[in-house]
Asks: 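If you scroll down you'll find the structure; I have some questions about it.
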Amino acid sequence: MKLFAFGMMIVCLHALPYFLLGEDAHMRVHDNLDSNIAWYRVLVRSGELFGSVHATIPQVINGLPRNAYGTEFSGIVWLHALFPSVYAYGFSQLLTRVFAFIGMYMLLKTHVLKEREATAEWIRVGVALAFALTPFWPSGMLSTLGMPLALWALLNIRAGDRSLKNYIVLTLLPLYSSFVLGFFFFLSAMFLFWIVDAWRRRPNVPLLLALVYMTALYFAIEYRLVHSFLFATEPTSRDEYFHARLSLWRSLRLTLKNYIFGHTHVMTIHTLVILPVTFIALYIVWKRKWWRNERLFWQLHVLNFILSLWYAFWFYKGWLPATEAFPFLDRFNFARYHFLRPVIIYVLFALSLRIIWRAWDRRIVLFALFAQLVVALLFHEQIVYRDKPTFRAFYAEKQFQDIKQYIGKPVHTYRVVSIGMHPAIAQYNGFYTLDTYNNFYPLSYKHQFRQIIASELNKNKKLKEYFDEWGGRCYIFVAELGKKYMFTKQSNKRIRHMQLHTNVLYDMGGRYVLSAVPIDNAKENRLKLLRTFRHKESAWTVYLYEVEGGKTT
């Protein structure tokens with residue numbers, strides 16, 4: 001219990017910087033500051049938190065469907081409704097890591113490493129702590145880090161444990177996780193496990209009912225997603241998503257990359273310590289012929305590689321005939337079965353340490369645990385993103401308040417777009433934007449917005465492909481800037497040859513352009529520089545341009 005308490009203390013200390021530093025904390029930008037945190041703020045302030053499935057949010061793209069922001073029954077949404085954004089983020093980090101630690105510890109103790117020796121307890125606590133400190137995707141909450149807890153409860157039920165705690169876990173997890181970003185893949189895998197288990201032994205009805213119950217609960221909570229998938233008739237940006245592009249060689253290369261390094265949304269940080277340890281353990285099993293006794297160990301090895309193979313080959317161009325016949329294969333990212341890898345890798349880590357402990361020396365086990373914990377601590381956001389803007393500098397509220405006051409009009413009477421910085425910044429500060437980062441919005445709007453940037457897309461093949469075959473980032477792309485959206489005030493970049501169709505921008509309500517870099521040919525694009533805004537707390541120099549009506553040259 002002392003070891004467990006010590007592990008819990010480390011988890012809590014890990015989240016402490018968000019509360020001590022507040023808005024001066026550093027955090028991930030990609031799929032976080034550039035999107036989700038601003039989404040929660042826009043949603044809460046829109047008055048449409050409980051809006052109908054047909055409601056829209058006028059602050060974004062002249063009416064973003066309310067369903068694009070997901071369910072109101074998500075715990076992270078309520079954290080952002082109750083607390084300032086940076087503290088809501090800190091609480092989410094704390095909650096996620098605490099239950100990740102508890103879940104992995106209980107899974108190992110109850111179903112994987114049942115030994116009573118002190119070394120086994122060191123392995124259970126150490127592996128659970130390392131797992132809890134992984135740099136997970138923040139808005140995923142317990143979508144991946146909650147899988148050990150869910151697996152613990154389900155295996156308890158499979159073993160005949162009918163206690164209430166198991167069903168409490170299965171009931172509460174859907175309130176703090178995402179179905180499409182984690183538990184769809186977990187539950188479908190568990191249904192497959194049940195089928196194999198039923199064929200080999202006998203049907204375990206309580207386990208089946210538990211899986212059905214948890215799935216039904218997700219469907220109820222994610223009713224907006226279900227409605228959009230089953231009943232929405234208007235085409236969305238997802239209808240033009242195209243994923244099957246990689247050659248055979250690139251798919252094989254991506255397999256190894258994913259297997260060795262992992263993925264940004266499920267960073268397992270297993271490369272330096274865990275991967276060598278698992279191969280050492282595999283060598284021991286081979287050398288001592290422990291295949292039968294260590295069946296789970298080598299099966300997880302195989303499954304771990306298969307998931308990387310599946311992830312990479314989901315993007316293989318050989319899928320093209322299937323996606324043409326069944327368009328839903330493009331609309332849903334089935335590659336995300338690799339989101340199962342974190343729980344597999346860390347259970348494999350625990351089993352590997354037990355094998356090494358039995359074959360060699362427990363000091364090697366303790367060294368490996370210490371090394372992995374050091375790696376995990378070095379991946380703390382305050383270290384990894386120390387050279388990126390802080391929360392305060394990124395959203396630059398005082399600077400954008402100055403811009404708002406300078407314009408001097410009610411924000412709902414005009415629309416803005418951003419160049420060289422994420423539109424989420426303007427959205428967070430209350431501006432109504434024509435540009436956005438969303439994976440789900442009307443296809444007709446994508447086509448309309450494309451007219452603004454058509455000439456720029458034609459200059460850059462990669463940008464054209466990026467927008468046309470995905471379009472989640474509905475940004476004012478400029479060929480000279482490429483796929484870069486963060487030109488801070490230290491940048492010397494200038495735009496010299498931009499060609500926007502600002503007549504379309506004007507017709508859509510666009511009246512101002514917020515640019516992070518100066519535009520030398522602004523007049524050719526019927527843009528008039530009004531003022532340059534700087535602020536000591538901001539990461540940006542913002543050039544405010546007014547859009548003049550009429551035809552572009």
Side-chain angles (χ1 to χ4, degrees), residues 28-35 38 61 237 240-243 245-247 250 253-254 257 263-265 315 384-385 387-389 393-394 396 416-427 433-439 441 446-502 504-505 510 512-522 524-525 527 529 532 538-545 547 552:
R28 173 186 174 128
V29 173
H30 177 62
D31 284 351
N32 190 37
L33 289 176
D34 69 351
S35 49
I61 67 168
S237 57
E240 285 189 344
Y241 176 61
F242 178 77
H243 76 275
R245 171 171 294 282
L246 297 185
S247 65
R250 290 183 65 192
R253 189 173 63 181
L254 184 58
K257 180 181 177 181
H263 187 274
T264 181
H265 286 148
F315 303 100
V384 174
Y385 301 112
D387 294 328
K388 300 295 183 182
F394 185 85
V416 305
V417 293
S418 299
I419 294 176
M421 57 185 174
H422 298 283
I425 301 168
Q427 291 172 4
T433 72
L434 294 176
D435 45 357
T436 191
Y437 178 14
N438 282 101
N439 286 326
Y441 63 94
K446 177 184 175 183
H447 291 168
Q448 184 184 22
F449 189 90
R450 191 190 189 283
Q451 296 175 42
I452 302 172
I453 56 175
S455 296
E456 291 299 307
L457 295 182
N458 288 334
K459 297 177 186 177
N460 189 313
K461 182 180 178 181
K462 288 187 177 180
L463 280 182
K464 186 174 185 294
E465 181 182 293
Y466 185 62
F467 185 85
D468 289 345
E469 296 184 5
W470 181 49
R473 292 193 189 271
C474 191
Y475 283 19
I476 297 293
F477 286 114
V478 178
E480 293 172 67
L481 303 184
K483 284 172 58 178
K484 294 181 180 178
Y485 332 111
M486 284 184 54
F487 290 88
T488 64
K489 57 188 177 185
Q490 285 77 33
S491 172
N492 295 318
K493 185 69 177 179
R494 306 181 70 90
I495 297 174
R496 304 180 189 279
H497 307 291
M498 185 176 73
Q499 290 178 283
L500 297 183
H501 297 274
T502 48
V504 180
L505 175 61
Y512 300 97
V513 173
L514 308 172
S515 181
V517 295
I519 304 172
D520 289 350
N521 66 333
E524 295 175 25
N525 289 272
L527 298 176
L529 179 63
T532 302
S538 170
W540 325 103
T541 297
V542 180
Y543 300 85
L544 177 65
Y545 292 90
V547 182
T552 52

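Computed from heavy atoms alone, side chains included, the values below leave out hydrogens, waters and symmetry copies. Residues: numbered from 1 along the sequence shown.
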Asks: Answer whether the closest heavy-atom distance between the side chains of T433 and V417 falls below 4.5 Å.
Replies: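 No, too far: nothing below the 4.5 Å cut-off.
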Asks: Mind listing the closest non-hydrogen atom pair of E480 and R494 along with its distance?
Replies: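 Here E480 and R494 meet closest at OE1-O, 3.9 Å.
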Asks: Could you tell me the separation between the CG atom of L33 and the OH atom of Y385, rounded to the nearest 0.5 Å?
Replies: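 Answer rounded to 0.5 Å: 9.5 Å.
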Asks: Can you tell me how far the CG atom of N438 sits from the CD1 atom of I61, to the nearest 0.5 Å?
Replies: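 Nearest 0.5 Å value for the CG-CD1 distance: 7.0 Å.
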Asks: Output, in order, the C-alpha distance, side-chain angles, deciding distance and verdict of side chain to side chain contact (heavy atoms under 4.5 Å, CB included) for L500 and L505.
Replies: CA-CA 9 Å; L500 297 183; L505 175 61; 5.5 Å; no
Asks: In the structure I gave you, are the side-chain heavy atoms of S455 and H501 within less than 4.5 Å of one another anywhere?
Replies: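 Yes, at least one pair of side-chain atoms sits under 4.5 Å.
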Asks: Could you check whether any side-chain heavy atom of W470 comes within less than 4.5 Å of a side-chain heavy atom of N439, counting everything from C-beta outward?
Replies: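 Yes - at least one pair of side-chain heavy atoms lies under 4.5 Å apart.
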Asks: Please report the interatomic distance CD1(I476) to CD1(I452), rounded to the nearest 0.5 Å.
Replies: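 Between atom CD1 of I476 and atom CD1 of I452 there are 4.5 Å.
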Asks: Specify the closest pair of heavy atoms between S538 and K489, including all atoms of both residues, with the distance to one decimal.
Replies: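 Minimum heavy-atom separation between S538 and K489: O-NZ, 2.6 Å.
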Asks: Identify the heavy atoms of N521 and H497 that sit nearest to each other, and give their distance.
Replies: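 Closest pair (atom of N521, atom of H497, distance): ND2-C, 3.6 Å.
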Asks: To the nearest 0.5 Å, what is the distance between CE (M421) and OG1 (T488)?
Replies: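 Here the rounded value is 11.5 Å.
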Asks: In Å and rounded to the nearest 0.5 Å, what is the CG to OH distance from D34 to Y475?
Replies: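 Separation between the atoms: 5.0 Å.
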Asks: For V478 versus L463, what's the shortest heavy-atom pair and its separation?
Replies: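 The answer is O-CD1, 4.0 Å.
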Asks: How close do I419 and M498 get, heavy atom to heavy atom, and via which atoms?
Replies: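 Closest approach of I419 to M498, heavy atoms only: CD1-SD, 4.0 Å.
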Asks: Do side-chain atoms of N460 reach the backbone of G482 as a donor and acceptor pair under 3.5 angstrom?
Replies: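 Not at all, since once roles are kept as given, no pair shorter than 3.5 Å links the two residues.
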Asks: Give a yes or no on this: more than 12 heavy atoms of other residues, nucleotides or ligands lie within 6.0 Å of atom NZ of K464.
Replies: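 Count not over threshold, so no.
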Asks: Which is it for L544 and L514 under the side chain to side chain contact (heavy atoms under 4.5 Å, CB included) test, yes or no, and what are the steps along the way?
Replies: CA-CA 5 Å; L544 177 65; L514 308 172; 3.5 Å; yes
Asks: Between Q499 and E456, is there a donor-acceptor pair closer than 3.5 Å when you use the side chain of the first and the backbone of the second?
Replies: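 No; judged by distance alone, with no hydrogens or angles, the pair does not exist.
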Asks: Mind checking whether L529 and Y543 have side chains closer than 4.5 Å, heavy atoms only?
Replies: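 The answer is yes; the side chains approach within 4.5 Å.
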Asks: Counting only heavy atoms not in R450, do more than 12 sit closer than 6.0 Å to its CZ atom?
Replies: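 Yes, because the 6.0 Å sphere around CZ of R450 holds more than 12 heavy atoms from other groups.
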Asks: Search all heavy atoms of F394 against all heavy atoms of H422 and return the closest pair with its distance.
Replies: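 Scanning both residues completely, I find the closest heavy atoms to be CZ-CD2, 3.9 Å.
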Asks: I'd like to know whether NZ of K388 has more than 12 heavy-atom contacts from other residues, nucleotides or ligands below 6.0 angstrom.
Replies: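 Not buried by this count: 12 neighbours or fewer within 6.0 Å.
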Asks: Step by step, would you call F315 with R250 a side chain to side chain contact (heavy atoms under 4.5 Å, CB included)?
Replies: CA-CA 9 Å; F315 303 100; R250 290 183 65 192; over 6 Å; no
Asks: Please assess K462 against E465 for the test salt bridge (charged side-chain N to carboxylate O under 4.0 Å, His left out), listing each intermediate value before the final yes or no.
Replies: CA-CA 5 Å; K462 288 187 177 180; E465 181 182 293; over 6 Å; no
Asks: Would a distance-only check, ignoring hydrogens and angles, find a side-chain to backbone donor-acceptor pair under 3.5 Å from T502 to N525?
Replies: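 Side chain of T502 to backbone of N525: a pair is present.
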Asks: Report the C-alpha separation of M486 and W540 in whole Å, then their side-chain angles, then the decisive distance to 0.1 Å, and conclude whether the side chain to side chain contact (heavy atoms under 4.5 Å, CB included) test is met.
Replies: CA-CA 9 Å; M486 284 184 54; W540 325 103; 4.1 Å; yes
Asks: Any chance you could measure I495, atom CD1, to D520, atom CG, to the nearest 0.5 Å?
Replies: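 One finds 8.5 Å between CD1 of I495 and CG of D520.
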